[in-house]
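Indexing begins at 1, ligand by ligand and atom by atom, following the structure's order.
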Amino acid sequence: MRAHLLLALAAPLFAGGQILAPADQTTVAAEVRVIARHDGKPEILIDGKPLAAESPHRGILHLTITLAAGAHEIALEGGPRIRVHSGPGAPASWPVFRAHPPGGAACTSCHAVRNGEWAFAKASLVGVCFACHDREAFPRTHTHEPGIVPDCQMCHSPHGSASAGHLKLGREAACKLCHN
Ligand code: HEC
Ligand code: HEC
Ligand code: HEC
Ligand code: HEC
């Protein structure tokens, strides 16, 4: 019982961490921003070589790197690793990863550290997104007012993706989250 408890405590919530952007097996721009969370050292391994990353909060890392043309591996020590390709010659099945927002907007355009937690820059996520997006246009594309579907990340990848509209789910599947 006791050993079990200790084991549970020793296992971090994100064991080994997570690479949030870019996505695995995608074609990336020469300049790419890596976003990750990891409880270990504030380093990201590019092709096995550790590079110091910025850490806006404990366990949160980001790093903008310029990749030479060709295949690369992005990894967290003892954690996940992904493969990306920069420039021509990428495997045909690797779609193009588009960063969101494009142009490397600051993390603080969406995030802030509040009460010691990595949180959102505004009281609601909706407020964060509509700082840049048109609230008036929203009901036309979403059938709903934003108040009905306030969890934008339920359907969209906020740091970028290789899918149209940065959708995690197709339109039909997205609506079926709540409708039969
Ligand atoms: C366009 C808004 C936006 C920007 C810019 C942005 N993020 Fe995020 N981020 C989000 C949203 C929305 C989520 C929640 C995603 C989810 O829950 O699926 C999130 C989640 C995260 C998480 C995971 C938090 C958790 O508890 O698992 C981390 C880490 C993170 N962001 C780091 C960053 C860093 C570092 C930057 C800057 C390099 C950044 N983000 C820029 C919107 C943004
Ligand atoms: C700092 C400004 C900024 C913030 C904040 C922001 N976006 Fe964006 N977003 C952009 C820009 C710029 C584009 C690319 C231009 C475009 O296609 O409209 C974009 C594109 C998108 C797209 C893809 C549009 C398409 O069809 O290609 C989606 C979906 C999106 N954003 C959702 C969100 C969500 C959800 C949030 C909140 C988590 C958010 N955005 C916050 C600036 C922002
Ligand atoms: C239930 C799933 C779902 C949720 C939740 C959702 N979206 Fe979308 N969103 C979509 C779909 C589907 C599209 C593609 C619409 C189309 O072109 O068919 C889209 C398109 C977009 C676009 C691009 C089209 C445009 O109007 O410029 C933006 C920006 C966007 N969403 C922002 C948001 C924001 C901000 C939120 C949270 C307030 C949000 N979305 C919540 C499903 C969702
Ligand atoms: C987060 C849950 C949620 C998601 C996701 C969602 N809806 Fe809804 N939907 C609701 C709720 C709650 C209502 C009832 C309140 C209202 O009418 O605004 C509703 C009502 C509707 C209605 C009116 C139905 C009626 O009988 O009056 C339509 C049409 C609709 N949704 C379409 C969509 C479409 C299309 C999508 C995908 C883009 C979608 N919904 C995604 C929660 C959701």
Side-chain angles (χ1 to χ4, degrees), residues 11-24 26 28-29 31-44 46 51-66 74-76 79-80 82 95-180:
L13 193 52
F14 289 92
Q18 248 185 317
I19 297 173
L20 301 164
D24 192 18
T26 53
V28 296
E31 188 169 273
V32 62
R33 180 157 74 172
V34 181
I35 306 179
R37 71 176 303 156
H38 190 31
D39 292 331
K41 284 185 276 180
E43 287 176 343
I44 292 171
I46 309 292
L51 293 181
E54 281 188 60
S55 182
H57 188 56
R58 183 174 37 81
I60 293 179
L61 310 176
H62 68 99
L63 167 69
T64 300
I65 36 156
T66 304
I74 302 172
L76 299 177
I82 63 166
V96 173
F97 179 87
R98 289 175 303 125
H100 175 265
C107 311
T108 49
S109 51
C110 296
H111 292 286
V113 176
R114 198 174 299 117
N115 302 327
E117 299 286 332
W118 186 242
F120 292 118
K122 293 199 159 69
S124 73
L125 183 57
V126 167
V128 166
C129 305
F130 289 126
C132 296
H133 291 286
D134 181 7
R135 185 186 280 268
E136 303 300 315
F138 187 86
R140 290 200 293 277
T141 39
H142 294 79
T143 317
H144 287 296
E145 289 296 327
I148 302 273
V149 285
D151 297 324
C152 317
Q153 81 280 10
M154 196 162 85
C155 298
H156 297 289
S157 299
H159 302 127
S161 75
S163 34
H166 295 308
L167 283 175
K168 291 177 182 167
L169 302 166
R171 192 184 174 91
E172 206 177 320
C175 306
K176 279 190 175 155
L177 288 172
C178 299
H179 297 285
N180 292 320

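- Distances from atom 40 (N) of ligand 3 to the protein include at least one heavy-atom value under 4.0 Å.
- Side-chain atoms of His166 and Ser161 include a donor-acceptor pair closer than 3.5 Å.
- Using a 4.0 Å cut-off between heavy atoms, Pro101 contacts ligand 1 through its side chain alone, with no backbone atom that close.
- There is a protein heavy atom less than 4.0 angstrom from atom 9 (N) of ligand 3.
- Interface atoms of ligand 1 facing Phe120, defined by a heavy-atom separation under 4.0 Å, are 10 (C), 11 (C), 12 (C), 13 (C), 14 (C).
- Note on ligand 3: Val126 sits in its first shell, one or more heavy atoms being nearer than 4.0 Å.
- Interface atoms of ligand 3 facing Cys155, defined by a heavy-atom separation under 4.0 Å, are 1 (C), 2 (C), 3 (C), 4 (C), 5 (C), 42 (C), 43 (C).
- In this structure, atom 3 (C) of ligand 2 is in close contact with the protein, since a protein heavy atom lies within 4.0 Å of it.
- Here Cys107 has heavy atoms under 4.0 Å from ligand 1 in both its backbone and its side chain.
- For ligand 3 and Arg171, the ligand atoms under 4.0 Å from any heavy atom of the residue are 12 (C), 15 (C), 16 (C), 18 (O).
- Looking at Asp134, its side chain does come within 3.5 Å of a backbone N or O of Glu136 through a donor-acceptor pair.
- Looking only at heavy atoms of the protein, atom 37 (C) of ligand 3 is closest to Cys152 SG, 1.9 Å.
- Summarising the local packing, CZ of Arg58 is surrounded by 12 or fewer heavy atoms from other residues, nucleotides or ligands at distances under 6.0 Å.
- Protein heavy atom closest to atom 24 (C) of ligand 3, with residue, atom name and distance, is Thr141 CG2, 3.9 Å.
- Here Val128 has no heavy atoms under 4.0 Å from ligand 1, in either its backbone or its side chain.
- Short contacts between ligand 3 and Ala174, defined as distances under 4.0 Å to a heavy atom of the residue, involve ligand atoms 1 (C), 2 (C).
- Looking at His142, Arg140, His144, it is His142 that brings a heavy atom closest to atom 28 (C) of ligand 3.
- Atom 20 (C) of ligand 3 has its closest protein heavy atom at His156 CE1, 3.7 Å.
- Numbered from 1 in the order shown, with element, the atoms of ligand 2 that lie under 4.0 Å from a heavy atom of Arg98 read 27 (O).
- In this structure a side-chain-to-backbone donor-acceptor pair under 3.5 Å is present from His111 to Ala119.
- Below 4.0 Å from some heavy atom of Asp151 lie the following atoms of ligand 3, by number and element: 5 (C).
- Inclusion of His133 in the set of residues having an N or O under 3.5 Å from an N or O of ligand 2 is warranted.
- No part of His57 comes within 4.0 Å of ligand 1, judged by heavy-atom distances.
- Distances from atom 16 (C) of ligand 2 to the protein include no heavy-atom value under 4.0 Å.
- Atom 8 (Fe) of ligand 2 is closest to atom NE2 of His100 (considering only N, O or S atoms).
- Ligand 2 lies nowhere less than 4.0 angstrom from a heavy atom belonging to Ala131.
- Ligand 1 is approached by Lys168 to a heavy-atom distance shorter than 4.0 Å.
- Counting the atoms of ligand 2 from 1 in the order shown, those under 4.0 Å from a heavy atom of Cys132 are 1 (C), 2 (C), 3 (C), 4 (C), 5 (C), 42 (C), 43 (C).
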